[in-house]
Structures are given as C-alpha cells and as structure tokens.
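A short worksheet on the structure shown next.
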Protein chains: 2
Amino acid sequence: MVQIPKTPAPVSPDPRSVPTSADVARLAGVSRATVSYVLNNTSAVRISEPTRRRVHEAAKELGYVPHAAARSLRAGHSRMVLMPAPAAPVGPLYAQFLSELQWELGRLDYTVVQYGAVGLRGDDAARAWAELRPVAVLLPGSDLGPKGVTVLKRSGARAVVVVGPEPVEGAHALLMDYAAVGDCAARHLYARGRRRIGVVVPQEPGVRSFSAPRLEGVRGALRGTDARVVELPLAYDETSAARLAARWRGLGLDAVFAYNDEYAMLLMRALQDEGVRIPEDTAVIGADDLMLGRLLRPRLSTVHIEVPSGRELAELVDRAVRDPNAAPETHKVLGASMVHRDSG
Amino acid sequence: MVQIPKTPAPVSPDPRSVPTSADVARLAGVSRATVSYVLNNTSAVRISEPTRRRVHEAAKELGYVPHAAARSLRAGHSRMVLMPAPAAPVGPLYAQFLSELQWELGRLDYTVVQYGAVGLRGDDAARAWAELRPVAVLLPGSDLGPKGVTVLKRSGARAVVVVGPEPVEGAHALLMDYAAVGDCAARHLYARGRRRIGVVVPQEPGVRSFSAPRLEGVRGALRGTDARVVELPLAYDETSAARLAARWRGLGLDAVFAYNDEYAMLLMRALQDEGVRIPEDTAVIGADDLMLGRLLRPRLSTVHIEVPSGRELAELVDRAVRDPNAAPETHKVLGASMVHRDSG
DNA sequence: TTGAAAGCGATACCAG
DNA sequence: CTGGTATCGCTTTCAA
C-alpha cells in the first residue's frame, strides 16, 4: 500500500491556519529545535547570529505566537495562579486588594487568572479549577472543603490559599476575622454608654458570609452585659431604609452598627429624614472606612479594616510554591480598629 | 540494541504524581481510549455497563481530573473567552456589568478568564493573550491597535470585541460614547441658564480615557454659545477638594460637571463647607446615577449611563464565534440621559 | 466492544 | 552549532 505523506506539502501554507513553530522552521530553513532555541534564548546552546536573524524574521513574518497549552503540557507545569472570579460585584476594598495582588504576583513572574465558573459549587468547582493545572489557587471566601483542597493538590497545585473567615484543612489561610469588626464596634458603643444596639444585616444574598460573623462579633462582645442586641435586616434601597426608619422610635435603639459605610449612609439618611438626631438619639457606626464616610454630616464613625496586603499574600504564595511540603501557614490578617468621628 | 521499556512498570504509581487517564486505564484494566469514551460520554461508541462502572470507580479512586491544556491542544480549540483584568480598581457599574457578562457567557457554555497581564501594553499584551489561544477576546477600554487585532485573529481568536470609546479596525465594537455624557450634562446646564461651567477631571491616572471624552462632550455641546468651560483637575481626596473649593469664588463658576457621582459628592461637600450654596450659587452634576447621589442633600442631579447589557455582549460574542467571517458589527450602546434632582 | 496508534505544538536530550 | 526524536496528556480514527 502506498504510503500517503503525512503533510501534503503545503508549499504556500494556508494563511488562515495558525502558524506553528514548524512553519517558522520551514520558512527559516532550519529545524524546529533551532527555532525553539532561538525564540527562548536558550543559553545552553549557541546559535549563529545569521541563523538567529532568519528565525526571528520568519517568526515575525508569520505572526508566530507560541502555544501556551502545548508549552505547559511539555513543561509539566505553569506559573498560573488561579482565582475564582467573584460571582457578585464586590466592594472597592476588595477591588483594591485584587489589583495590588495581581501586580505583586506579576512581579514574581506569576500570571493571575480569574476564572469565571458560574454555577459550580464546592467540589465540582474545585475539579473545574484543577483541570487548568494551576501552580497555585487563591480562594477568597472559601466555599471549599478539605476534599476540594485534596483534589487541587493531587492535580498539581503546589499552593492552596484560602482568604476568608475560617481555615480549611490542608490549605494555607489568611484569616479574615470579621467577628473582630463587630466586636470592635460593640465595645466602642458600649463604652460610650449605648445599651440598646441594632445591627444591620444586608438582605442581599452573597454577603451573608461577611455579615453573619460581624453580627456574632457584636453579640459576643456584649454577652453578659446589660446591653441588648437587635438584628435589623435591610436591603440596599431607599424604600427598605425608609421602612426601617419609620419604625425606628418603636424599636427604642440608641445605637446601630450598620454592616459597612454604604449601608450606614443609607440608613443614616433615612433616619435624618425621619427626624432622628445623630448621634444624640442614635449613634451610627459603619465599617470599611471609605472616603464616603468622611463626607457625611455628621462624619461617620467607622471600623477601619486592615485588609491583607497584596504583597503579603503574593509572598505567601511564592513561599508555598517553592516549598509545597511546608506546613500550611495560618495568618490572622484582619486588624479592626475604631475610627471615631462624629456619628457615634 | 535492547529496547528499554518506555514506562519502567511502576507497579504502585507514585501517589505524589498527578494521575493521568493512563493511570485510570491501568487501574480499571482497560485502554486509555475506553477511559476517554466513558468519561466523555461519547455517544458514537457503546461501552458495556460493567466497564463504565470500573472506569468511573478507578477515576474517583485516583482523584483523576482531565488536563485542560492537553485536551484543547488535541481538540485544536477551546471555549475560553479572555478579558484583560482591569489594572486599577473599577467602579460598581463595571463590576456589575462584568458579573452579568460572566453569567451570560457561562450559559452559552463559554468560560470567562480574566487575565492579569500587568506591565504589558498594546501589541505585547496582544501577544501574551494570543498565547492562550482563546476563542474570543474582550477588550474593555481597548488600548489596542489594528495590529494587535491581527495578531489575535491569526492566533485563532474567532472574535475580538472592543468595548470602549472608539472602534478598532477589524474588531467588533460596542461603542461607549462617553462624549454623549458630557454633552448631556452641558445641554442640561445651558438650558437652565448656566454659562460658566467647570468640568472636573480626575487626576488619577487610568481614568483619562474616560474623562477626556466627557470633557470633550461638554466642550462640543457649548461650542458657539456664550458659555465658558473651565477644566478642573481634582484628586480623589479631601485635601484636593478643599483646595479647589477655597478658590471657588475666584473662579466665578455657576455650574460644575463632576466626572461622576463620587467626585461630585467630594466636591459638593467641600463647596458646602466653604459656604457655597447648591444649586443657587453653583449647580453640581454627577454621572453614573449611583445610589449615593439619591442620599445627598441636595439630591444629586446626574447623568444616567446605560451600560451595555452583559447579555447583549454575550450574544454578540457567540454570533461572532459561530461566524467569524461576518463583517465586524459596531453597536452604539451608551444611552446617556439626564436625571434631574435638586443639585442643578 | 475494545485496543493500538497517530497526532495536537513545543522542548530538551543526544547525535552528528 | 544544528537536526532528529521522544515526550507531555488527551482524543479519535481505524482495526481487530
């Protein structure tokens, strides 16, 4: 049987197809190996200058771009750091943290990839992430169990880092102790003589994991005292705020901790419209220390949250990648401190 | 010459190495092909039920996860939609748009990947993106020339879509006509008798490409009239705002268009502290129609910007991927409309 | 119904 | 200094 040539000798390569290193080699009149050496500046081998030029020119002429998948398949590893993309829009604090992190990891020669896997939860999500064979996985919020961590590690991830309220077996952790935020606010209010304290809990889904610990922090700080805590569900719209404000006097509260500065502003406005004096009748406290709060009148007292620095996390990732067998580190990274202004 | 066996018969496979489909095949006592058939539910081939079970069990036992790179290398394509991750934190409007987009593309079975390539600009960035061989590339802001588009297309991207102020040769475009925002504000102010109009231009780098067209829109709308336009650089901090407010009366302005609601709030607060009455002495107008503006007193007039729906963009991407040869579509997606409240 | 084998594109070893 | 070639993990014909 006549042997059919593998490549039907495309004298003029189809311009519609993606050029490979073989195409470059052909055009430059060298082997694929040489192309690889030249384009990667491999120092172990010395290629003559004329050859280098021919290769570079051929690559440019064809518009050659190496194929990342092929490369990392061959190499057996990549420098991809994977993060699940947040499902819902997140606040300015997180956005700030994220871009800092990207920058810092970029400096360490990692590539940050935010992977939008909607609709996948827990271990399914872990499997989807593992398919990409990232060298490290960063999990803000961490809706992942120890099993998910195992899946990721078995698939080659040298570091799994959760950034969230609680540690996960087997993973490094940057512990955001949100309860401390509530604790901080509660102590402040208590010290200033407030005894009937409302805590705003956003009704929006998805922030539950942030708001619940804050509420618990307040409860914990006031347990065993003569202060009372009332949970106040609030949606982020004017109507909801107005409704809450309308029944304010009936609630008999002398202070409110409002989850964050944005909810604080919403509620404070509604209370003022209702004739409630702040801070005389009711003290109002926010969290996150946004610019916003400084611009309100009265100026908003707030809990300043020290988010982990992108640099800190980037370095943790790098350490973990270099020594995957080290015991998981757990850092508490959330300093909460009261910024006392005028509202309470 | 004695043939050395390729695989040195690892009877008990190293548990530290990542399991492959070959490991699954070995454990299940079948061939790799069978494993692939079973795990992908290939309908063209019928595999006996006992075999299926053995394969599934083996896969689970090993914690097998397929290798995305290998798969897409073999397949010659992927369903990855790539977006450069924003270098600087972005506003709530964009964040909202982004998560909607992710959801909609997910429904169409694409995977959205935000790629954080810091420090790369223009064509270098395009090359870095092209290495991932995405099926489509989405470019918010579009600091990319036609050459970059060519690179992406030659590397197999079936759709390149810019979402920004101006179209790019060869790419689909969702045109955000930011000049219309300035135009809208200017006409409104002019109609209400304002003639000496300030335009706040953020000093922060990175928003230049958004602020410049807004300023131009104002200029364009007032060209040939008796109104005067003054550019007002402003950094997003209280000091800068106070400094600007201090020299306000000297400027002799009767209106200001403040880039967006956040800058508007910052400036408005500083002006009020300086005793400038709003809107009597100076009208203040923002943009973006954030919740924020409704809560200020006076309520902030603002330009509502209709951002493209994630759905719209997702469908454009899908159309383009299905028919890559169709002429690039260009849509104007930015409706700007005045929301008149109390501040001007 | 299952298995053997050919590649996808890039790299690195080993000859020449 | 340069060229074959085996290999990474997976899919998919083609044969058995």
Side-chain angles (χ1 to χ4, degrees), chain A residues 1 3-8 13 17-26 28-55 59 62 64-78 130-133 154-156, chain B residues 1 3-8 13 17-26 28-55 59 62 64-78 130-133 154-156:
Chain A
M1 184 181 159
Q3 182 79 17
I4 298 173
K6 319 270 165 101
T7 317
S17 75
V18 184
T20 74
S21 75
D23 296 321
V24 176
R26 211 169 303 139
V30 299
S31 76
R32 284 156 60 224
T34 305
V35 170
S36 178
Y37 291 142
V38 171
L39 295 184
N40 295 317
N41 263 320
T42 307
S43 51
V45 272
R46 304 201 58 75
I47 305 282
S48 70
E49 200 48 48
T51 305
R52 300 183 87 83
R53 269 225 322 286
R54 286 220 313 285
V55 169
L62 292 176
Y64 169 72
V65 174
H67 192 308
R71 172 181 292 172
S72 73
L73 177 58
R74 173 62 227 240
H77 61 243
S78 72
E131 292 193 359
L132 299 184
R133 298 290 192 273
R154 278 207 65 87
S155 78
Chain B
M1 186 181 162
Q3 184 79 16
I4 298 172
K6 320 272 166 104
T7 315
S17 74
V18 184
T20 72
S21 74
D23 296 322
V24 177
R26 212 168 304 140
V30 298
S31 76
R32 285 157 57 224
T34 307
V35 171
S36 178
Y37 291 143
V38 171
L39 296 184
N40 295 316
N41 263 320
T42 307
S43 50
V45 183
R46 302 203 59 77
I47 306 282
S48 69
E49 201 48 49
T51 305
R52 301 185 86 84
R53 267 224 324 285
R54 285 220 314 284
V55 169
L62 292 176
Y64 169 72
V65 175
H67 192 307
R71 171 181 293 174
S72 73
L73 178 58
R74 172 66 227 234
H77 61 247
S78 72
E131 292 193 0
L132 298 184
R133 299 289 193 272
R154 277 207 66 84
S155 78

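Letters A, B, ... are given to chains in the order of the sequence lines, protein chains preceding strands, and every chain is numbered from 1.
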Within less than 4.0 Å of OP1 or OP2 of [N], is there a side-chain N or O belonging to [X]?
X       : N      : result
A:Arg74 : D:dT7  : no
A:Asn40 : C:dA10 : no
A:Ser48 : D:dT2  : yes
B:Ser21 : D:dC10 : yes
A:Thr34 : D:dG3  : yes

Got B:Asn40 and B:Arg71 here, is their nearest side-chain heavy-atom distance under 4.5 Å?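 Of all side-chain heavy-atom pairs linking B:Arg71 with B:Asn40, at least one is under 4.5 Å.
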**Study point:** Check: A:Val18 and A:His67 side chains under 4.5 Å, non-hydrogen atoms
**Key:**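 Counting from C-beta outward, A:His67 and A:Val18 never come under 4.5 Å.
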* Of B:Val55, B:Thr42, B:Asn41, B:Val38, which is the lone residue that meets side chain to side chain contact (heavy atoms under 4.5 Å, CB included) with B:Ile47? ->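 Of the listed options, the one satisfying the test is B:Val38.
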Considering every strand and a 4.0 Å limit on heavy-atom distances, what is the contact class for [X]: base, sugar-phosphate, or nothing?
X       : answer
A:Thr42 : nothing
A:Val35 : nothing
B:Ser36 : base
B:Thr51 : sugar-phosphate

Between B:Ala70 and B:Ala33, which has a closest nucleotide on DNA chain C that is more 5'?
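Here B:Ala33 is the residue nearer the 5' end.
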query = Closer to the 5' end of DNA chain C via nearest nucleotide, is it B:Val30 or A:Val65?
reply =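 First, find each residue's nearest nucleotide; the 5'-ward one identifies B:Val30.
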Open item on the list: Quick check for you: among C:dA10, D:dT11, D:dT2, whose closest atom lies nearest to any side-chain atom of A:Val45?
Closed with: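 Minimum distance to the A:Val45 side chain belongs to D:dT2.
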State which of D:dG3, C:dG9, D:dC10 makes the closest approach to the side chain of B:Thr20.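 Nearest to the side chain of B:Thr20 among the choices is D:dC10.
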Using atom [atom1] of [X] as one end and atom [atom2] of [N] as the other, report the distance to the nearest whole Å.
X        : N      : atom1 : atom2 : answer
A:Tyr64  : C:dT11 : OH    : P     : 6 Å
B:Glu131 : C:dA10 : CD    : P     : 10 Å
A:Arg71  : D:dG9  : CZ    : P     : 18 Å
B:Leu73  : C:dG9  : CG    : P     : 7 Å
A:Asn41  : D:dC1  : CG    : P     : 15 Å
A:Arg53  : D:dT2  : CZ    : C1'   : 18 Å
B:Glu49  : C:dT2  : CD    : C1'   : 16 Å
A:Arg46  : D:dG3  : CZ    : P     : 17 Å

query = Is there a donor and acceptor pair, one atom on the side chain of A:Tyr37 and one on the base of C:dC13, closer than 3.5 Å?
reply =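 Checked by distance alone, the answer is yes.
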Do the side chain of A:Arg32 and the base of C:dA10 come within less than 3.5 angstrom through a donor-acceptor pair of N or O atoms?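 Looking at the base of C:dA10, it does pair with a donor or acceptor on the side chain of A:Arg32 (distance under 3.5 Å).
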*Please report the shortest heavy-atom distance between B:Arg133 and B:Ser78, naming the atom on each side.*
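Closest pair (atom of B:Arg133, atom of B:Ser78, distance): O-OG, 3.5 Å.
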So which atom in B:Thr20 and which in B:Tyr64 form the shortest heavy-atom distance, rounded to 0.1 Å?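 It is C-CE1, 3.5 Å.
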- Any donor and acceptor pair, going by atom type alone, linking the side chain of B:Arg54 with main-chain N or O of B:Ala28 inside 3.5 Å?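 Checking the backbone N and O of B:Ala28 against the side chain of B:Arg54, a donor-acceptor pair under 3.5 Å is found.
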